[in-house]
Amino acid sequence: VGADIDRHRDDEMTLREILEKGRPGHAAHGCTTRVSRNRCLTGACGSAIDDRVRELDGYVSGRLGMARIAVGGFQHETNTFAPQQATWEEFVRADAWPPLLRGPEMIPGVEGFNIPIAGAVSKLTELGHEIVPLAWAAAAPASYVTEDAFEKMWALFEEDLKKHGPFDAIYLDLHGAMVAENTEDGEGELLNRIRGIVGHDLPIVASLDYHANLTPEMAQLATALVGYRTYPHIDMAVTGKRAIELLDKLLREKRPVYRAYRQLDFLIPLVWQCTFIEPAKGIFDLVGELEAGEKSHNQGIVSVTHTPGFPP
């Protein structure tokens with residue numbers, strides 16, 4: 001395949017150009033490219049390419065240093081003691097963040113907001129990766145996310161994941177403290193369903209709110225989880241960028257990722273979670289040192305996330 005793609009490059013027509021400009025006549029460019037069962041890639045001679053286009057396009061992307069990264073998000077901070085539930089209408093309409101976004105409208109729709117998905121999109125663009133926008137929605141903190149809202153959002157993810165794949169990786173903008181009527185671990189359930197479609201080998205990196213209630217399932221199902229490091233929160237877009245920097249590093253280095261998860265039976269009062277003062281300030285200074293491999297700490301750690309949780 002590599003030799004045949006190079007032949008197209010010699011003819012000043014790469015596979016990506018064929019995909020963008022259409023399928024020229026077989027004689028028009030002297031095509032000699034063949035795939036399984038001796039079918040012509042460009043298809044003008046009557047042979048279809050639909051079952052190989054995405055695979056080979058991904059191959060060309062890899063050769064050019066690009067990756068197809070699917071991006072999406074589903075954000076909710078749930079307080080189960082609150083009186084009002086988060087309905088589908090709450091996720092559809094805009095608030096201090098964009099309304100429900102899906103497909104290409106997501107890219108301009110998140111621009112200028114201090115939210116993780118905006119930072120992620122900006123960094124992906126800077127790195128030159130291909131962004132495949134799925135769906136993104138958020139709702140104000142409330143009680144349980146209704147089953148109707150959870151399933152409607154999942155339906156968008158499911159359709160887009162199956163329609164637009166395969167991908168080289170996935171980035172998700174999550175909160176980490178979602179509870180729905182039909183699941184106590186909203187993010188864990190979402191990740192589990194996504195894994196059911198893309199498999200367990202595809203890198204999935206998600207950004208999390210500082211107040212995420214991180215579960216063992218979330219840690220097991222995601223390749224990496226990258227949390228905010230400020231409270232009051234000011235680094236939301238920065239966290240999205242950090243998540244993409246990590247994802248890009250994992251794709252480039254193709255290194256195995258080993259995860260560790262520790263949960264303490266201790267709830268930190270919200271008033272002592274402020275990162276401008278101790279003890280939280282010192283904790284997050286240490287997190288940064290661990291991740292950077294400074295001083296006497298072990299080398300090789302690519303990401304450290306501490307989430308104080310969201311006590312009711």
Q) Are any of the side-chain nitrogens in Glu159 or Lys162 under 4.0 Å away from the carboxylate oxygens of its partner? A) no
Q) Is it the case that more than 12 heavy atoms not belonging to Glu151 sit under 6.0 Å from its CD atom? A) yes
Q. Which heavy atom of Ala177 sits nearest a heavy atom of His211, and at what distance?
A. CB-O, 3.7 Å
(Q) More than 12 heavy atoms of other residues, nucleotides or ligands under 6.0 Å from CD of Glu217: yes or no? (A) yes
Q | For Phe167, ring pair (Phe, Tyr, Trp, His ring centres under 6.0 Å) partners two or more places apart | A | none
Q) Applying the 4.5 Å side-chain criterion to the ILVMFWY set and letting contacts propagate, would Val226 and Tyr231 be lumped into a single cluster? A) no
Q. Which residues pass the ring pair (Phe, Tyr, Trp, His ring centres under 6.0 Å) test with Tyr228, sequence neighbours left out?
A. His233
Q. With sequence neighbours left out, what residues match Asp95 under side chain to side chain donor-acceptor pair (under 3.5 Å)?
A. none
Q | side chain to side chain donor-acceptor pair (under 3.5 Å): pairs with one or both residues in residues 108-122, sequence neighbours excluded | A | none
Q.
Would you say that more than 12 heavy atoms from the other residues, nucleotides or ligands in this model lie under 6.0 Å from the OH of Tyr258, or not?
A. no
Q. Will you find, in the side chains of Tyr261 and Thr215, an N or O donor that is under 3.5 Å from an N or O acceptor?
A. no
**Q.** Residues Arg229, Thr239; criterion side-chain contact (heavy atoms from CB on, under 4.5 Å); working and verdict
**A.** CA-CA 8 Å; Arg229 292 182 175 175; Thr239 301; over 6 Å; no
Q: Identify whether Trp97 and Leu101 are in the same connected component of the hydrophobic contact network (ILVMFWY, side-chain heavy atoms under 4.5 Å).
A: yes
Q.
Looking at every non-hydrogen atom in both residues, tell me the closest pair between Ala224 and Leu246 and how far apart they are.
A. CB-CD2, 3.6 Å
Q) Is a side-chain donor or acceptor of Arg195 paired with a backbone partner of Ala222 at a separation under 3.5 angstrom? A) no
Q) Which is it for Met153 and Leu100 under the side-chain contact (heavy atoms from CB on, under 4.5 Å) test, yes or no, and what are the steps along the way? A) CA-CA 10 Å; Met153 192 65 186; Leu100 170 68; 4.1 Å; yes
Q.
Quick one, Glu189 with Asn182, criterion side chain to side chain donor-acceptor pair (under 3.5 Å). Give me CA distance, side-chain angles, the key distance, then yes/no.
A. CA-CA 10 Å; Glu189 178 64 20; Asn182 55 328; over 6 Å; no
**Q.** Candidate pair Ile194 and Leu172, rule side-chain contact (heavy atoms from CB on, under 4.5 Å), full reasoning
**A.** CA-CA 11 Å; Ile194 291 174; Leu172 296 173; 3.7 Å; yes
**Q.** Salt-bridge present (Lys123, Asp248; N to O < 4.0 Å)
**A.** no
Q) Does the side-chain contact (heavy atoms from CB on, under 4.5 Å) test come out yes or no for Met106 and Ile117, once each step is laid out? A) CA-CA 9 Å; Met106 181 194 299; Ile117 189 76; 4.2 Å; yes
Q.
Which residues end up grouped with Val238 if you chain together Ile, Leu, Val, Met, Phe, Trp and Tyr wherever their side-chain heavy atoms are less than 4.5 Å apart?
A. none
Q: Can you sort out the partners of Phe157 under ring pair (Phe, Tyr, Trp, His ring centres under 6.0 Å), two or more places apart, ordered by chain and number?
A: none
